[in-house]
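Structure, as structure tokens:
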Amino acid sequence: MTITPNRTYDFIIAGAGISGSFIANDLCQAGAKCLMLEAGKSFTRKTYPTSGLDGNSQLYWSGGLELGHDCKIAFLRPKVVGGGSIVNQALVDRFDDEAFDSWRSVSGVNDFNSEKMAPWYDKAESEIEIQEIPAQFRNKNAEIFDKGFKHLNLEHAPLRRAQSNCRLEEGNCCIECLNGCRVGSKQSMPETVLKTALKKGLTLVSEMEVVQIIRKNDRIQVQCTDSKGGQASYHSKNIVLAGGAVGNARMLLNSGFQKKLPHIGHGFFCHPQFMSFGVYDEVINSHLGAFQAFKADDKGFRKNGFKLENVYAGPEGIALLVPGFGKKYQQNMEKLPHFACIEVCTRDTQPGQIKVNRKGKVLIRKERNQEDMERQKKGQKIVEQIFKSTGAKQVIHGRFAIGLHLMGCCAMGTNSATSVIDPEFRLHGINNIFAADSSIFPNAPGINPSLTIMALSKKAAASILRSR
Amino acid sequence: MIVSKYFSQSQLKGLSKAGDVLLPGTKTSPSFSSTGCMSHMDRMAAYLSEDDLSGLQMLLSLFRWTPKWKISLLFKLCNKSDKIPSFFGAALRMLEIGVKGAVFSLYYANVTKPGYEGPKVHDAIGWHPKLVLRDGELPGKKAKMNYENPNQKNVDAIYDRAKSGHKDLRQWPVKKRLEFITNLKAVILENQEKILDHVQADTGKSRFDAITAEIFGVLDFLDYLEKNAVKYLSDRKVATPFALMGKKSKVFFEPLGVALLISPWNYPFYQAIVPICQAFIAGNAVVFKPSSATPLKGLVEDLLQQADFRSGWVQVVYGQGSSVGDALVDAGPDKIFLIGSQAVGRHVMAKAAQHLIPIELELGGKDPMVVFDDVNIDRAVAGAIWGAFTTTGQSCTSVERLFIHENIYDTFKQVLVKETLKLTQKTDIDGSADIGPMCTQNQVKVIAAQVADAKEKGATFITGGSWDGKSDHIPPMIIEGVTSDMLIDRQENFGPLLPIYSFSGEAQAIELANDPEYGLSASVWSKNLKRADRVARAIYTGNVSINNVMLTEGNHALPFGGVQKSGFGRFKGEFGFYAFTNIKSVLVDKDSKKMEANWFPYTAKKYRIFSDLTRALYSPGKISSLVKGAIHGLRLETYVAGLSKNNKKR
């Protein structure tokens with residue numbers, strides 16, 4: 001069945017993640033008629049999956065993990081209304097000069113500059129609530145992180161999270177919010193800007209996957225398939241691509257834009273992360289309370305291209321990372337309450353590439369060069385020192401790298417041969433296709449991207465509205 | 001047995017085996033297979049990409065036939081995948097993540113099979129996160145269902161659940177649905193004693209009656225479904241005539257939607273499982289209302305759940321027909337199937353008529369048994385006694401009128417009485433009693449009235465005449481001298497009453513056997529099979545056994561149903577599949593430029609050619625009509641092609 005509504009929208013927003021929601025909100029506030037299309041499902045506080053089994057299946061592409069060509073990194077790519085804001089740890093960090101300087105030099109875009117971005121960060125932060133985890137709710141996993149850092153004379157700082165009221169005093173555990181927050185504390189898009197956009201008249205169609213974008217006489221036609229294989233097509237004057245690095249690359253490649261813009265799909269980054277577990281004699285119970293209370297803030301780490309994170313995961317995820325199998329493996333898993341966890345998050349330098357095959361399916365090619373491996377090793381060495389210095393009896397390094405900040409593929413830049421998006425957030429040479437999400441990142445910043453996606457999206461919305 | 005929409009039994013066995021290699025269990029942790037977490041496999045599989053799913057299916061099929069030590073070796077190799085160059089290393093990593101992903105996600109999600117009582121995985125790994133939810137934050141719980149005397153709101157909820165159950169179910173191919181039937185068969189076998197206890201507690205029937213009719217009969221029916229459902233419910237090609245050359249014709253057998261099944265009290269288990277499975281196998285969701293007299297409360301749902309039927313596929317609703325029946329019909333099922341009395345049938349059909357809901361009725365009978373003088377008397381007597389008194393006469397196909405040829409009448413009667421007096425009557429536990437008491441007090445009253453009326457009008461009670469008219473242990477009654485003005489002759493007895501009559505010849509036997517009102521089943525007894533065949537054809541009824549009694553029901557390949565006021569429609573056998581099926585006709589043509597001759601524009605010339613074609617095709621003479629038909633067909637096609645070309649130019 002092909003549904004072809006007669007209505008022509010001012011904007012179609014392809015993707016209901018952080019960028020799509022922020023842009024849609026600003027466009028709707030300005031009175032534009034907007035349609036948001038999202039491949040994933042729409043959940044509410046009451047319907048979020050409550051186990052890792054359902055969470056992985058229902059909130060991500062490919063039912064959980066996606067693998068690249070060499071199967072060395074497992075990618076987590078959210079597919080849900082709210083996108084990354086549903087499944088992330090809600091960290092909100094501004095980029096530093098180091099990140100922007102490197103972006104500016106790669107892209108030639110002068111606006112990539114801490115000072116110029118500051119007002120956009122302010123605006124983005126004003127849309128959501130941000131809190132620090134109070135000291136009394138730090139759990140033992142955080143204590144170990146704290147002790148280890150102090151012991152090794154490393155800098156760390158309390159963590160800022162996009163949350164409003166986790167009611168930790170009632171004994172709540174944050175581990176829940178990796179599958180969508182059921183108490184509405186996490187400042188996910190459906191709880192914040194998407195909610196206001198919908199009130200302002202945004203039309204949201206979920207479980208509708210954009211397959212192809214056709215541009216005819218300056219008009220946009222979007223071909224979609226719904227979750228049951230039905231087809232639909234929608235019309236608009238403009239389109240905002242907000243499907244993330246892989247999603248945007250896929251939509252553009254399937255629509256043939258690579259003929260004019262050969263860089264589409266190139267420059268894919270993912271901050272490969274490596275979880276390690278320290279096993280202690282005492283009970284740690286890393287899953288209790290606010291498990292991520294600190295962030296590394298060490299100049300030396302930044303220089304060496306990695307970060308340490310005070311994280312944890314559900315048992316289904318940890319099970320996959322703990323190596324081995326059989327009786328011994330199960331006995332290791334029985335020690336789970338004694339696990340502390342620190343993750344090395346590397347700033348990858350070797351770009352990967354997203355391609356699509358003849359059926360339109362995504363192929364991910366992402367390798368790591370010597371430098372990237374070095375960064376991992378350096379990070380893991382410090383993790384080992386932290387664990388050992390705080391009394392761990394054993395250190396277990398996770399089996400796989402996890403790629404969960406998916407960035408690039410439609411880099412912003414001034415040169416259309418080496419970039420895809422121009423400094424005004426438009427596809428080079430095309431005045432009605434826009435993007436401002438992580439896909440426009442020219443390289444890996446080495447810092448959690450979500451707040452910057454919000455800021456860039458605010459800036460993009462203003463730029464789009466100005467040009468109308 | 002676990003049924004998965006996405007994995008075959010052999011693939012599930014492969015998963016179980018690989019799972020136990022990865023997670024064999026320790027002192028505190030259960031093994032993968034023991035938790036039954038595999039029964040939740042579809043929760044994950046439903047979201048896998050097609051490629052990932054088919055890859056996993058292939059692997060698991062392979063594991064099915066690979067010894068455990070080899071699987072173990074394979075995973076050991078996976079541990080070293082980083083040292084193995086490019087392609088093989090990648091393949092091993094993919095295998096490791098794929099299989100471990102499935103096995104660990106299921107196991108460490110702490111899910112188990114229903115009724116699992118072993119150690120829980122989350123206890124073994126000390127995983128107890130907490131989230132305090134307030135009012136209004138509690139998950140959107142599924143509406144609490146009320147199946148007992150549901151009010152209007154409850155009924156709506158029941159149908160909503162059935163509709164969503166149907167949506168899900170209709171996507172399961174017949175072969176997959178059959179796996180649930182296979183499950184159910186095993187569950188019934190395993191729970192045989194419990195089922196019989198339930199049936200006896202509700203009906204009081206003898207244990208032997210219960211096992212033959214309710215257990216054996218049900219299993220035999222399920223067996224029939226296993227062997228035939230795919231055959232009868234698969235798409236069929238049918239012939240396409242010459243005039244429609246180039247097209248294809250097919251028939252699809254699709255479910256109707258939600259079926260409302262209403263069953264009587266006499267065979268509560270058989271009349272539950274058989275219609276439920278008949279409707280289910282065709283892909284319908286079922287709302288089932290058992291009789292309030294013998295509801296077997298909780299039994300059917302329990303067995304279906306053990307057989308892994310999903311909630312919403314079959315729901316059992318309890319209550320008096322008079323109070324909940326109307327609401328169940330008004331809620332608008334897509335089909336109603338009722339086994340019961342004329343009175344109930346008439347009421348429900350009138351209700352269904354208001355909504356134009358298709359209905360099938362299996363109502364009562366007044367079944368004749370006709371015995372000619374050339375039979376083996378001992379066998380025929382034994383057949384008559386069983387046919388009249390099994391389940392204490394409470395079958396719709398019980399023998400209710402026995403016609404004996406006058407030449408053997410006296411001898412037959414003598415043996416009949418002698419043998420009947422030997423019957424033992426009680427609710428036994430070891431299978432040694434012949435018949436039980438009556439199921440319902442209501443039926444006792446009906447029979448008391450019939451007996452009093454017959455006695456008053458001069459009938460002779462050769463046996464059972466001493467019954468007090470109140471006890472539910474109604475003894476078998478053989479009655480002589482019954483006339484057409486007696487209730488006992490006109491009404492269905494549904495009890496252990498057997499009026500006997502004599503007849504002089506074939507014509508009279510047929511006349512007597514043909515009841516003006518009923519027509520459910522009959523039996524004809526004669527050594528002369530030609531005569532038996534003649535009489536069987538001449539009796540206006542739905543089912544006839546020759547030289548046996550009530551036996552058409554013993555073969556589940558035979559359809560069952562009545563004529564006249566005994567009901568209509570057929571269930572069981574090939575035709576039974578169609579009772580719950582939307583038989584959809586599909587004609588497939590190719591997309592092309594070609595225009596059809598019977599479409600506009602009509603022209604005088606086209607009319608002439610068409611008329612030539614009609615004459616050629618349907619005139620006598622096979623070959624000449626084919627040749628001429630071909631010629632005129634070609635003429636017509638060329639002309640139409642020309643027409644559409646000209647049309648375009650214009």
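Across every non-hydrogen atom of C71(A) and A90(B), the tightest pair is SG-O, 3.4 Å. Across G126(B) and N285(A), no two heavy atoms sit closer than the pair O-OD1, 4.1 Å. F325(A) approaches L22(B) most closely through the heavy-atom pair CB-CD2, 3.4 Å.
Atom CD of E169(A) has more than 12 heavy atoms from other residues, nucleotides or ligands within 6.0 Å. No more than 12 heavy atoms of other residues, nucleotides or ligands lie within 6.0 Å of NZ in K167(B), so this atom counts as exposed by the packing criterion. Residue Q57(B) qualifies as enclosed at atom CD: its count of foreign heavy atoms under 6.0 Å is above 12. Residue F252(B) places its CZ atom among more than 12 non-hydrogen atoms of other residues, nucleotides or ligands, all under 6.0 Å distant. Counting non-hydrogen atoms of other residues, nucleotides and ligands closer than 6.0 Å to NZ of K175(B) gives a total of 12 or fewer. More than 12 non-hydrogen atoms from other residues, nucleotides or ligands lie less than 6.0 angstrom from CE of M373(A). For K355(A), the NZ atom counts as loosely surrounded, since its 6.0 Å shell holds 12 or fewer non-hydrogen atoms of other residues, nucleotides or ligands. Counting non-hydrogen atoms of other residues, nucleotides and ligands closer than 6.0 Å to NZ of K120(B) gives a total above 12.
Within the 4.5 angstrom heavy-atom criterion, only backbone atoms of H69(A) (N, CA, C, O) approach chain B. Neither the backbone nor the side chain of K27(B) comes within less than 4.5 Å of any heavy atom of chain A. Y107(B) touches chain A through its side chain: at least one heavy atom from C-beta onward sits under 4.5 Å away, while N, CA, C and O do not. Contacts of D52(B) with chain A are made by side-chain atoms alone, with heavy-atom separations under 4.5 Å and no backbone atom involved. Only the side chain of K361(A) comes within less than 4.5 Å of a heavy atom of chain B; its backbone N, CA, C and O stay farther away. In this structure, chain B has a heavy atom under 4.5 Å from the side chain of F400(A), while its backbone stays farther away. For chain A, the nearby part of D51(B) is the side chain; its heavy atoms alone come within less than 4.5 Å.
A heavy-atom distance below 4.5 Å is found between the side chains of W127(B) and I175(A). Side-chain contact check for Q58(A) versus Y47(B): some heavy-atom pair is nearer than 4.5 Å. Q330(A) has its side chain within reach of P24(B): a pair of non-hydrogen atoms, C-beta onward, lies under 4.5 Å apart. A 4.5 Å side-chain heavy-atom check between S51(A) and V111(B) finds every atom pair outside the cut-off. Looking at heavy atoms from C-beta onward, S81(B) lies in side-chain contact with R399(A) at the 4.5 angstrom threshold. Proximity of E334(A) to S29(B): side-chain heavy atoms (C-beta onward) are separated by under 4.5 Å at one or more points.
Note: A319(A) leads A319(A), C166(A), P323(A) in heavy-atom pairs under 4.5 Å with chain B. With chain A as the partner, the residue from H128(B), H122(B), H40(B) showing the most heavy-atom pairs under 4.5 Å is H128(B). Options G98(B), C78(B), S72(B) differ in how many heavy-atom pairs under 4.5 Å they form with chain A, and the most are formed by S72(B). Ranked by heavy-atom pairs shorter than 4.5 Å toward chain B, the options G52(A), G68(A), G171(A), G289(A) are led by G171(A).
Between Y329(A) and Y108(B), the ring-plane angle classifies as perpendicular under the 30° and 60° cut-offs.
Side-chain atoms of R167(A) come within 3.5 Å of backbone N or O of V132(B) as a donor-acceptor pair. Between the side chain of E170(A) and the backbone N or O of L131(B), no donor-acceptor pair lies under 3.5 Å. Panel note: side chain R93(B), backbone D70(A); a donor-acceptor pair is recorded below 3.5 Å.
Atom OG1 of T28(B) sits about 12.5 Å away from atom CE of M333(A), to the nearest 0.5 Å. Here the CG-NZ distance, from L65(A) to K100(B), works out to 13.0 Å after rounding to the nearest 0.5 Å. Taking CD1 of I97(B) as the reference point, atom CG of L320(A) lies at 6.5 Å (rounded to 0.5 Å). Note that CE of M94(B) is 6.5 Å distant from CG of L67(A), once rounded to the nearest 0.5 Å.
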